[in-house]
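Residue numbers start from 1 in every chain, and the chains themselves are labelled A, B, ... in the order their sequence lines are given, proteins ahead of strands.
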Amino acid sequence: AQSVTQPDIHITVSEGASLELRCNYSYGATPYLFWYVQSPGQGLQLLLKYFSGDTLVQGIKGFEAEFKRSQSSFNLRKPSVHWSDAAEYFCAVGARILSNFGNEKLTFGTGTRLTIIP
Amino acid sequence: SQTIHQWPATLVQPVGSPLSLECTVEGTSNPNLYWYRQAAGRGLQLLFYSVGIGQISSEVPQNLSASRPQDRQFILSSKKLLLSDSGFYLCAWSVFNSPLHFGNGTRLTVT
């Protein structure tokens, strides 16, 4: 069974500073990997996804993530954070429901809460 | 464009009472539908998913059930709520080769 570890429960960074959120996964095959963001009391919004191909993927809001198979990692990065980036971030790994289907059952990490200080 | 609706946004129910949460999707056909639960301080746990009308797969044994009476309608139910059912419930949908799209969730507090 797949699993996801987000080792940092809470991270605080200054506005304008760079950000890296860590994600490690366990999966027996080539994974589908995702980063979602959740604002308080809201649903989850997809930031970016990795299915195949280029291991550096670009997402919305200036985020990017790099898939490193050798390290089983999919860390999320942003060169300069904005106060509006304060939220909870979830990494997820997906498994196909059906062999000929492109949809996944996602296993989520426990999330990293990001606080931005002025 | 596709949209997903979940209601109610907030619900407070006593222990032993029934539950019905509804989720509907607009703008797409034959989506996969999912119910996730997010407990305080924990990640999201997949409860149920459905690949078609009347087809429900349960991921974890629990006090809850799900039904899909129409193509774009997914209902989460319980006959008798437990305190441990409290949490944030999220409905989501996907279609072929697309990631999950989530609703805004329902905050359930069982008292």
Side-chain angles (χ1 to χ4, degrees), chain A residues 1-10 21 23-26 31-53 57 59-60 65 74 87-113, chain B residues 2-11 21 23-25 28-52 55-60 66 74 87-109:
Chain A
Q2 65 262 33
S3 65
V4 176
T5 301
Q6 292 181 248
D8 304 306
I9 296 173
H10 185 203
L21 301 183
C23 172
N24 293 97
Y25 69 89
S26 173
Y32 300 150
L33 295 162
F34 307 82
W35 275 100
Y36 282 84
V37 61
Q38 184 181 33
S39 298
Q42 298 295 311
L44 278 73
Q45 181 183 25
L46 179 69
L47 285 177
L48 48 79
K49 63 184 185 293
Y50 170 78
F51 279 3
S52 65
V57 294
I60 62 171
F74 190 57
E88 186 131 24
Y89 292 80
F90 292 92
C91 181
V93 62
R96 286 182 177 271
I97 294 176
L98 301 171
S99 61
N100 62 344
F101 224 49
N103 302 288
E104 293 77 34
K105 295 190 300 181
L106 296 192
T107 298
F108 285 84
T110 52
T112 298
R113 185 161 61 92
Chain B
Q2 303 92 348
T3 55
I4 180 169
H5 303 280
Q6 254 189 272
W7 65 92
T10 305
L11 190 59
L21 302 181
C23 170
T24 60
V25 180
T28 188
S29 297
N30 196 29
N32 283 351
L33 297 172
Y34 310 78
W35 279 110
Y36 280 85
R37 177 171 59 199
Q38 184 178 25
R42 301 177 63 180
L44 284 79
Q45 181 185 37
L46 178 62
L47 302 177
F48 301 96
Y49 69 90
S50 171
V51 298
Q55 301 178 61
I56 308 295
S57 296
S58 174
E59 287 295 292
V60 294
F74 205 25
F88 191 51
Y89 289 82
L90 289 157
C91 182
W93 68 271
S94 70
V95 292
F96 179 76
N97 247 359
S98 82
L100 289 183
H101 302 271
F102 286 85
N104 284 332
T106 295
R107 173 75 57 194
L108 172 65
T109 303

### Query
So which heavy atom on A:Gln6 is nearest to which on A:Thr110, and how close?
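Heavy atoms only, the tightest pair is OE1-N, 3.8 Å.
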### Query
At what distance, to the nearest 0.5 angstrom, does CG of A:Leu46 lie from CZ of A:Phe34?
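A:Leu46 CG to A:Phe34 CZ: 7.5 Å, rounded to 0.5 Å.
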### Task
Name the region of B:Leu90, side chain, backbone, both or neither, that has any atom closer than 4.5 Å to a heavy atom of chain A.
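Answer is side chain: those atoms of B:Leu90 sit under 4.5 Å from chain A.
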### Query
Using non-hydrogen atoms only, which part of B:Gln38 is less than 4.5 Å away from chain A: side chain, backbone, both, or neither?
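For B:Gln38, the contact with chain A is made by the side chain alone.
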### Task
Please identify each residue that fulfils ring pair (Phe, Tyr, Trp, His ring centres under 6.0 Å) with B:Phe88, with sequence neighbours left out.
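Checked B:Phe88 against ring pair (Phe, Tyr, Trp, His ring centres under 6.0 Å); zero matches.
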#### Entry: ring pair (Phe, Tyr, Trp, His ring centres under 6.0 Å) involving A:Tyr36 - partner list, sequence neighbours excluded
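By the ring pair (Phe, Tyr, Trp, His ring centres under 6.0 Å) rule, A:Tyr36 matches A:Phe108, B:Phe102.
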### Query
In terms of heavy-atom proximity below 4.5 Å to chain B, should A:Gln38 be classed as side chain, backbone, both, or neither?
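Side chain only.
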